[in-house]
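For reference, the structure is listed below as structure tokens.
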Amino acid sequence: MKIISTNIGERKEIDWKGKKVTTGIFKFPVSKPIFLDAEEVKGDEISDRKHHGGILQAVYGYSLKHYDYFKKLYPNVDFTYGIFGENLTIDDLDETKIHQGDTFTVGEAILEATVQRNPCYKLGIRFNNMKIVKQFWNITFCGVYFKVLQTGFVKAGDEFIKIKSCSENPTIADLYVAKRVEKGV
């Protein structure tokens, strides 16, 4: 697995159903290395700390390969890296093969796979179409949240090297399917 793009979002206020909503989902590629800190990516907006950021969700990675699936559904959308709200666009991140607890070195950092990303209405806002939330739930292309075990800079081109495998734990896709069943989606 290799980082294709590092992405940062600024604080953005939008009008949604007559209410002001603050979000950081509008992430875009940056050309400089980004710093993965213990609870967040430095310089990246996290508006909803209940569902994003923190120890278990410090960094969000999403697979470039999943873009192709959504490009067919949304041919008129500009698929800029970061469109799914990910900090790291990774060439081949496979949620069915990454287990909770798997640990990787990447750049100067050490990351541990923790949980899946559950979609919310802000993904629909980003795509300007709420259908994507249900479509996102219906597949296991959820992306992976990582805990930062060792802080450090990462950049496009850095490779993930697995240093610990936890095959006895559920995969990120397993966790996602269980959450979908729990929510009745």
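Among residue pairs with one or both ends in residues 175-185, those qualifying as side chain to side chain donor-acceptor pair (under 3.5 Å) are Lys179-Glu182; sequence neighbours excluded. Listed by first then second residue, pairs satisfying side chain to side chain donor-acceptor pair (under 3.5 Å) with a partner in residues 131-143 read Tyr74-Gln135, not counting sequence neighbours.
Atoms CG and CD1, from Asp15 and Ile125 in turn, are 9.5 Å apart once rounded to the nearest 0.5 Å. For the atom pair Asp94 CG and Phe141 CZ, the distance stands at 8.5 Å (nearest 0.5 Å). Distance check, rounded to the nearest 0.5 Å: NE2 of His99 to OG of Ser165 gives 7.0 Å. Atom CH2 of Trp16 and atom OH of Tyr121 lie 6.0 Å apart (nearest 0.5 Å). If you take CD1 on Ile83 and CD1 on Ile132, they are separated by 7.5 Å, rounding to the nearest 0.5 Å.
Salt bridge present: Glu40 and Lys42 bring a charged side-chain N and a carboxylate O closer than 4.0 Å. The pair Lys2-Asp91 does not meet the salt-bridge criterion, since no charged nitrogen lies less than 4.0 angstrom from a carboxylate oxygen.
Judged by distance alone, the side chain of Glu112 and the main-chain N or O of Lys147 form no donor-acceptor pair under 3.5 Å. Panel note: side chain Arg117, backbone Phe84; a donor-acceptor pair is recorded below 3.5 Å. In this structure, Asp158 contributes its side chain and Lys155 its backbone to a donor-acceptor pair below 3.5 Å. Judged by distance alone, with hydrogens and angles left aside, the side-chain atoms of Thr103 form a donor-acceptor pair with the main-chain N or O of Gly101 at under 3.5 Å.
When the side chains of ILVMFWY residues are joined at heavy-atom separations under 4.5 Å, either directly or via intervening members, Val115 and Phe136 end up in a single hydrophobic cluster. Linking Ile, Leu, Val, Met, Phe, Trp and Tyr whenever their side-chain heavy atoms come within less than 4.5 Å leaves Ile110 and Tyr60 in two separate clusters. Note on Val77: it clusters hydrophobically with Ile14, by side-chain heavy-atom contacts below 4.5 Å among ILVMFWY residues. When hydrophobic clusters are built by joining Ile, Leu, Val, Met, Phe, Trp and Tyr residues whose side-chain heavy atoms come closer than 4.5 Å, directly or via intermediates, Met130 is grouped together with Leu123.
Other residues, nucleotides and ligands place more than 12 heavy atoms under 6.0 Å from the CD atom of Gln150.
Scanning both residues, Phe153 and Pro33, for their nearest heavy atoms gives CD2-CB, 3.9 Å. The shortest heavy-atom contact between Pro29 and Ser5 is CB-OG, 3.4 Å.
Listed by chain and number, the residues in a salt bridge (Lys or Arg N to Asp or Glu O under 4.0 Å) with Glu13 amount to none (sequence neighbours excluded). Contacts of Lys71 classified as salt bridge (Lys or Arg N to Asp or Glu O under 4.0 Å), with partners at least two apart in sequence or in another chain: none.
Checked against the 6.0 Å centroid threshold, Phe79 and Phe127 count as a close aromatic pair.
Counting heavy atoms from C-beta outward, Leu56 and Tyr145 have side chains that stay 4.5 Å or more apart.
Side chains of Thr89 and Asn7: a donor-acceptor N/O pair is present below 3.5 angstrom, by distance only. For the 3.5 Å distance criterion, the side chains of Gln116 and Asn118 qualify, holding a donor opposite an acceptor. Under the 3.5 Å distance criterion, with hydrogens and angles disregarded, a donor-acceptor pair is assigned to the side chains of Glu95 and His66.
Val144 belongs to a hydrophobic cluster whose remaining members, ordered by chain and number, are Met1, Ile3, Ile8, Val30, Ile34, Leu36, Val41, Val59, Leu88, Ile90, Leu93, Ile98, Phe104, Val106, Leu111, Phe146, Val148, Val154, Phe160, Ile172, Leu175; membership requires side-chain heavy atoms of ILVMFWY residues under 4.5 Å apart, directly or through intermediates.
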List the atom pairs, donor and acceptor, that lie under 3.5 Å between side-chain atoms in residues 19-28 and the rest of the protein, sequence neighbours left out.
residue	atom	partner	partner atom	Å
Thr23	OG1	Ile25	N	3.0
Lys27	NZ	Gly24	O	2.7
Lys27	NZ	Asp44	OD1	2.9
Lys27	NZ	Asp44	OD2	3.1

